[in-house]
Q: 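The following block contains the structure, expressed as structure tokens.
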Amino acid sequence: MQAIMKKGVGLAPDRWIPGGVPDPLIARAKNGSIGTALSRIDGPLKVQGHARFAAEFDIENMTYAALAYSTIPKGRIAALDVAAAEASPGVLLVMTHHNCPRLKPTPVFLSDDKAAGGSDLPVMQDECIYWNGQPIALVLAETHEQAQHAASLIRATYVEEPAETCFAQAKKHARHVEFQGEPLQVAIGDAEEALAAAPFAVDSLYETPRHNHNAIELHAATLVWDGDDLRLHDAIQFVAHTAWTLAQIFGLDESQVHVSSPYVGGGFGGKTLWWHQILAAAAARLAKRPVRVMLSREGVYRLVGGRANTEQRVALGADTDGKFKALIHTGYAAMTTHNAMPEPFILPAMSMYGAEAIKLDVQVADLDMLANTFMRAPGESVGTFALESAIDELAERMGIDPIELRLRNEPEKDPVNGLPFSARHSAQAWRDGAERFGWADRNARPGMRREGEWLVGMGAAGATYPYYRMPGSAARLTLRRDGHVTVDVAAHEMGMGTATVHTQVTADRLGLFSEQVTVNYGDTSLPGTILAGGSQQTAAVGAAVRAAFDAMVAELLKLAGNTSPLAGLKPSEIEGRDGGLGKIGDPAAHESYAAILARAQREELQVEAKPAMPLEIMHWSMHSHGAMFCEVRVNAISGEPRVRRFLGSFDCGRILNPKTAASQFRGGMIMGLGLALTEEAQFDERKGRIMNASLSDYHLPVHMDVPKIEVMWTDIPDPHTPMGARGIGEIGITGTAAAIANAVYNATGKRVRSLPITLDKLI
């Protein structure tokens with residue numbers, strides 16, 4: 001049915017599809033708030049300490065939770081000695097599988113529209129152990145320190161069972177899975193045959209390790225029960241999904257769970273529903289007192305999933321003109337049987353380049369480990385490393401400039417599904433970036449540039465991320481007679497500037513100043529089921545606000561009456577401007593909101609609306625694009641690699657706020673520096689345990705590691721998206737690792753195909 005629907009939507013006339021008629025803001029944005037560098041409105045609250053995060057809500061009679069974790073990958077708890085913990089000062093409760101309330105199964109993410117669970121395993125319901133680091137007990141105490149100390153006193157005895165913790169062994173039993181309802185396999189023509197016949201070819205394996213989430217704000221929640229109603233202040237990326245899922249677990253109606261998440265100190269896919277919120281809610285119900293739980297940094301590694309490791313084969317075959325005859329991208333990713341998140345590393349290969357024959361395939365190797373999950377640009381971040389490194393290898397083999405090779409293989413339509421692109425200006429991003437970066441000065445021969453003991457090289461890589469707009473968004477607008485409007489929407493602010501950008505967008509939509517707009521977000525009392533992920537929140541909220549504005553215009557025209565300058569006009573003929581409504585193209589036909597509401601003897605008008613389903617993603621091929629440029633220095637004696645400068649040139653549609661956008665791009669690129677050079681979760685295959693569970697041992701880029709980063713963009717609106725914008729939150733990490741690896745090769749002549757690029761691989 002889904003395939004039939006997609007085919008029908010793809011063939012439908014443009015005018016039937018959301019985005020078939022361009023958003024009116026696209027033509028007007030040049031003269032409004034959109035495009036101005038407005039500082040984040042939440043900034044002053046954060047620097048003054050007035051923004052309350054999940055672990056900063058003060059509730060009377062608070063208790064504090066701490067967790068004890070298993071130390072085996074699979075088996076059963078034979079005995080659990082909690083006597084010392086229970087006798088420890090300040091302890092109120094020790095909860096184990098013996099006294100944990102009976103909980104219903106957790107709906108795992110992607111299994112239902114509102115499902116939010118990181119895995120579908122039973123949460124402390126029996127003695128079974130499923131991964132090394134699984135919580136085996138929760139301690140409640142009067143202080144955080146007392147709870148932590150008591151948890152350290154718990155002693156467990158296990159009966160171990162055979163566990164699959166070896167990736168190489170698990171690959172022998174690999175299986176195919178779906179991602180977001182779609183298979184991760186594509187076959188167009190006979191790619192292996194085309195590869196064998198191609199005059200030029202490369203065929204290599206690339207490896208990426210596990211990566212862990214390390215948001216600045218630790219995972220935390222503050223919970224309190226009021227009878228059978230649960231109130232939760234959480235660090236979460238989807239409040240409505242969390243409320244629905246917790247309601248299923250505890251046998252409640254969704255309306256009985258109230259979730260707020262006004263500020264999130266970094267999410268990236270990890271701030272979702274894990275065991276700590278569920279267990280804290282269960283403990284709060286047992287103890288009949290409020291509970292605060294905050295994971296330690298090690299606790300995040302034990303309990304919160306990250307990016308799975310991959311092994312990828314990329315093979316490219318080209319004719320003498322550099323046109324791709326074969327594109328093969330296949331391989332394996334680690335996963336578990338109790339989650340639904342394969343690492344879809346083939347996604348970039350599905351849209352970036354044209355080829356006569358294509359073979360794409362992801363298989364998952366099931367391990368007994370913590371469930372993996374989304375992590376910034378899942379699939380694209382590691383998939384572009386392999387694909388864009390292979391293209392660099394092919395260009396070097398053919399003696400073609402690697403940028404020119406990419407441009408020769410720009411597709412005219414989507415190479416997999418044949419859909420037209422909604423907008424694609426990646427070639428311009430490449431040319432603009434190459435000129436600013438000084439690509440023409442690059443010496444194509446590796447190892448030819450040296451500054452003292454440092455070898456210097458330049459590299460480039462493509463970047464991409466899809467446009468998404470997920471269903472379920474809604475918005476409520478409340479317009480006061482004084483011209484102030486409040487936007488209520490269950491969106492999320494994780495530092496990307498959501499409220500700021502939608503203040504600007506709403507101001508332009510209604511013809512107001514930014515100071516006349518207030519955006520409320522991050523609470524289940526607000527309308528919509530909006531996920532902060534997939535770089536789609538701006539589109540989801542923007543579409544919802546447009547729908548609410550259209551509904552408001554219809555109501556205002558009714559209130560205006562026959563004596564208004566707007567009498568007889570249709571909503572489609574109206575725009576918001578100059579503090580009121582006006583006829584499009586007629587400056588004289590205008591009336592202020594204040595005048596309309598005063599005549600109707602109304603102090604305010606409130607409307608709520610949902611946008612149309614996101615059928616545009618089935619009608620066009622919709623992607624953001626980028627070109628990444630890097631200059632590295634590699635020490636010829638020690639092998640130490642250093643990125644000296646980096647440039648990202650992006651084609652992401654209209655840029656709504658250049659200040660917040662530049663921050664998002666740079667943040668993604670810095671995360672890409674870590675992916676390329678430092679980050680690796682060291683997984684002990686003997687015990688299935690992450691060994692470097694701290695920021696002392698899991699290395700992230702710090703300020704001294706980050707070079708000068710320039711950002712530029714085409715700023716060409718996409719005519720088929722809300723506001724003409726596409727997502728920018730995740731594209732910055734894509735292509736970054738490949739650009740660094742390609743620059744390292746240009747500097748040293750050494751091709752590194754296994755991340756991270758550490759000095760031992762370059763000596």
Side-chain angles (χ1 to χ4, degrees), residues 1-22 107-115 175-191 241 327 329-330 340-342 344-364 374 378-380 411-424 464-474 528-531 533-536 539-540 543-544 547 610-624 718-722 726-727:
M1 289 297 296
Q2 182 172 324
I4 293 171
M5 181 179 178
K6 289 182 69 174
K7 185 174 182 180
V9 171
L11 295 173
D14 287 359
R15 66 181 183 277
W16 293 4
I17 305 299
V21 177
V108 68
F109 191 68
L110 297 178
S111 65
D112 187 277
D113 288 345
K114 291 186 178 181
R175 60 190 174 98
H176 286 108
V177 293
E178 292 185 344
F179 176 69
Q180 296 182 338
E182 299 285 344
L184 287 172
Q185 297 89 41
V186 174
I188 300 174
D190 190 330
H241 299 73
L327 192 164
H329 195 168
T330 62
M341 181 50 212
F345 54 76
I346 63 171
L347 295 182
M350 295 175 69
S351 66
M352 289 185 75
Y353 304 105
E356 291 185 12
I358 298 174
K359 177 184 176 182
L360 311 175
D361 183 82
V362 175
Q363 296 185 63
V364 298
F374 293 89
E380 285 83 5
E412 296 182 0
K413 59 182 181 180
D414 190 289
V416 171
N417 58 35
L419 293 175
F421 292 109
S422 61
R424 186 179 178 113
T464 188
Y465 195 77
Y467 162 88
Y468 291 119
R469 179 171 72 86
M470 297 178 187
S473 65
T529 306
I530 298 177
L531 163 67
S535 297
Q536 63 86 48
K610 299 178 180 179
M613 290 291 288
L615 300 180
E616 67 268 28
I617 61 177
M618 300 182 186
H619 189 74
W620 293 283
S621 181
M622 310 182 78
H623 306 266
S624 288
D718 187 321
H720 304 303
T721 66
R726 294 193 298 268

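Small disclaimer: the values here were computed from a predicted structure and weren't measured.
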Q: Any chance you could measure Leu11, atom CG, to Lys6, atom NZ, to the nearest 0.5 Å?
A: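 Answer for the CG-NZ pair, Leu11 versus Lys6, is 13.0 Å.
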
Q: Looking only at non-hydrogen atoms, find the nearest pair between Gly354 and Pro415 and report the distance.
A: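 In terms of heavy atoms, the two residues are closest at CA-CB, 4.3 Å.
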
Q: Could you give the distance from CE (Met470) to CG (Leu531), rounded to the nearest 0.5 Å?
A: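 Answer rounded to 0.5 Å: 5.0 Å.
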
Q: Just list the side-chain donor-acceptor pairs under 3.5 Å for residues 616-623, sequence neighbours left out, or say none.
A:
from: Glu616; atom 1: OE1; to: Arg469; atom 2: NH2; distance (Å): 3.0
from: Glu616; atom 1: OE2; to: Tyr467; atom 2: OH; distance (Å): 2.8
from: Glu616; atom 1: OE2; to: Arg469; atom 2: NE; distance (Å): 2.7
from: Glu616; atom 1: OE2; to: Arg469; atom 2: NH2; distance (Å): 3.4
from: His619; atom 1: ND1; to: Val9; atom 2: O; distance (Å): 2.7
from: His619; atom 1: NE2; to: Asp14; atom 2: OD1; distance (Å): 2.6
from: Ser621; atom 1: OG; to: Asp414; atom 2: OD2; distance (Å): 2.6
from: Ser621; atom 1: OG; to: His623; atom 2: NE2; distance (Å): 3.0

Q: Under the side-chain contact (heavy atoms from CB on, under 4.5 Å) test against Leu327, which residue among Ile188, Val186, Leu360 passes?
A: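 Exactly one candidate clears the test, Leu360.
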
Q: Check side chain to side chain donor-acceptor pair (under 3.5 Å) between Ser351 and all other residues, then give those that pass, not counting sequence neighbours.
A: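 Expected list: none.
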
Q: Can you name the nearest heavy-atom pair linking Val362 to Ile346, along with the distance?
A: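 So the two residues come closest at CG2-CG2, 3.5 Å.
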
Q: To check you understand the geometry: which heavy-atom pair defines the closest contact between Ala357 and Ala191, and what is its length?
A: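 In this case the closest contact between Ala357 and Ala191 is CB-CA, 3.6 Å.
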
Q: Got a second to check how far Leu184's CG is from Leu347's CG, nearest 0.5 Å?
A: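 Going from the CG atom of Leu184 to the CG atom of Leu347 covers 6.5 Å.
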
Q: Hey, does the side chain of Glu380 reach the backbone of Tyr465 with a donor-acceptor pair shorter than 3.5 angstrom?
A: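 Pair absent, no side-chain N/O of Glu380 close to backbone of Tyr465.
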
Q: Find the distance between CE (Met350) and CG (Asn417) and round it off to the nearest 0.5 Å.
A: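 Reported to 0.5 Å precision, the distance equals 7.5 Å.
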
Q: At their closest point, which heavy atom of Pro18 faces which heavy atom of Ala612, and how far apart are they?
A: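 What the structure gives for the nearest pair is CG-CB, 3.8 Å.
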
Q: Write down the atom of Lys359, the atom of Thr330, and the distance for their closest heavy-atom approach.
A: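 Shortest heavy-atom separation between Lys359 and Thr330 comes out as O-CG2, 4.1 Å.
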
Q: Using side chain to side chain donor-acceptor pair (under 3.5 Å) as the criterion, list what pairs up with Lys114, not counting sequence neighbours.
A: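 For Lys114 the side chain to side chain donor-acceptor pair (under 3.5 Å) partners, ignoring immediate neighbours, are Glu254.
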
Q: For Asp113, does the CG atom have more than 12 heavy-atom neighbours from other residues, nucleotides or ligands under 6.0 Å away?
A: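 Counting neighbours around CG of Asp113, 12 or fewer heavy atoms of other residues, nucleotides or ligands fall under 6.0 Å, so no.
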
Q: Could you tell me which residues satisfy side chain to side chain donor-acceptor pair (under 3.5 Å) with His329, sequence neighbours excluded, listed by chain and number?
A: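 Partners of His329 under the side chain to side chain donor-acceptor pair (under 3.5 Å) test: Gln312.
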
Q: Should Val108 and Met341 be marked as a side-chain contact (heavy atoms from CB on, under 4.5 Å) after you check the CA-CA gap, both sets of side-chain angles, and the distance that decides it?
A: CA-CA 10 Å; Val108 68; Met341 181 50 212; over 6 Å; no

Q: Just wondering, do Pro471 and Pro614 contact through their side chains at under 4.5 Å, heavy atoms?
A: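 They are in contact (side-chain heavy atoms under 4.5 Å apart), so the answer is yes.
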
Q: Please list, chain by chain and in numerical order, all residues satisfying side chain to side chain contact (heavy atoms under 4.5 Å, CB included) with Val364, sequence neighbours excluded.
A: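 Checked Val364 against side chain to side chain contact (heavy atoms under 4.5 Å, CB included); matches are Arg175, Val177, Met335, Pro342, Asp366.
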
Q: Nearest 0.5 Å please: distance from the NE2 atom of His176 over to the CG atom of Asp361.
A: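 Rounded to the nearest 0.5 Å, the NE2-CG separation comes to 3.5 Å.
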
Q: Which heavy atom of Ser624 sits nearest a heavy atom of Arg726, and at what distance?
A: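 For Ser624 versus Arg726, the nearest heavy atoms are OG-CB, 3.3 Å.
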
Q: How many angstroms lie between atom CG of Asp190 and atom CD1 of Ile358, to the nearest 0.5 angstrom?
A: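 If we round to the nearest 0.5 Å, Asp190:CG and Ile358:CD1 are 13.0 Å apart.
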
Q: Side chain to side chain donor-acceptor pair (under 3.5 Å) with Glu178: which residues, sequence neighbours excluded?
A: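 Residues passing side chain to side chain donor-acceptor pair (under 3.5 Å) with Glu178: none at all.
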
Q: Within the supplied structure, the quantity of interest is the number of heavy atoms (other residues, nucleotides, ligands) at a distance under 6.0 Å from Gln180 CD; does it exceed 12?
A: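 Above 12, so yes.
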
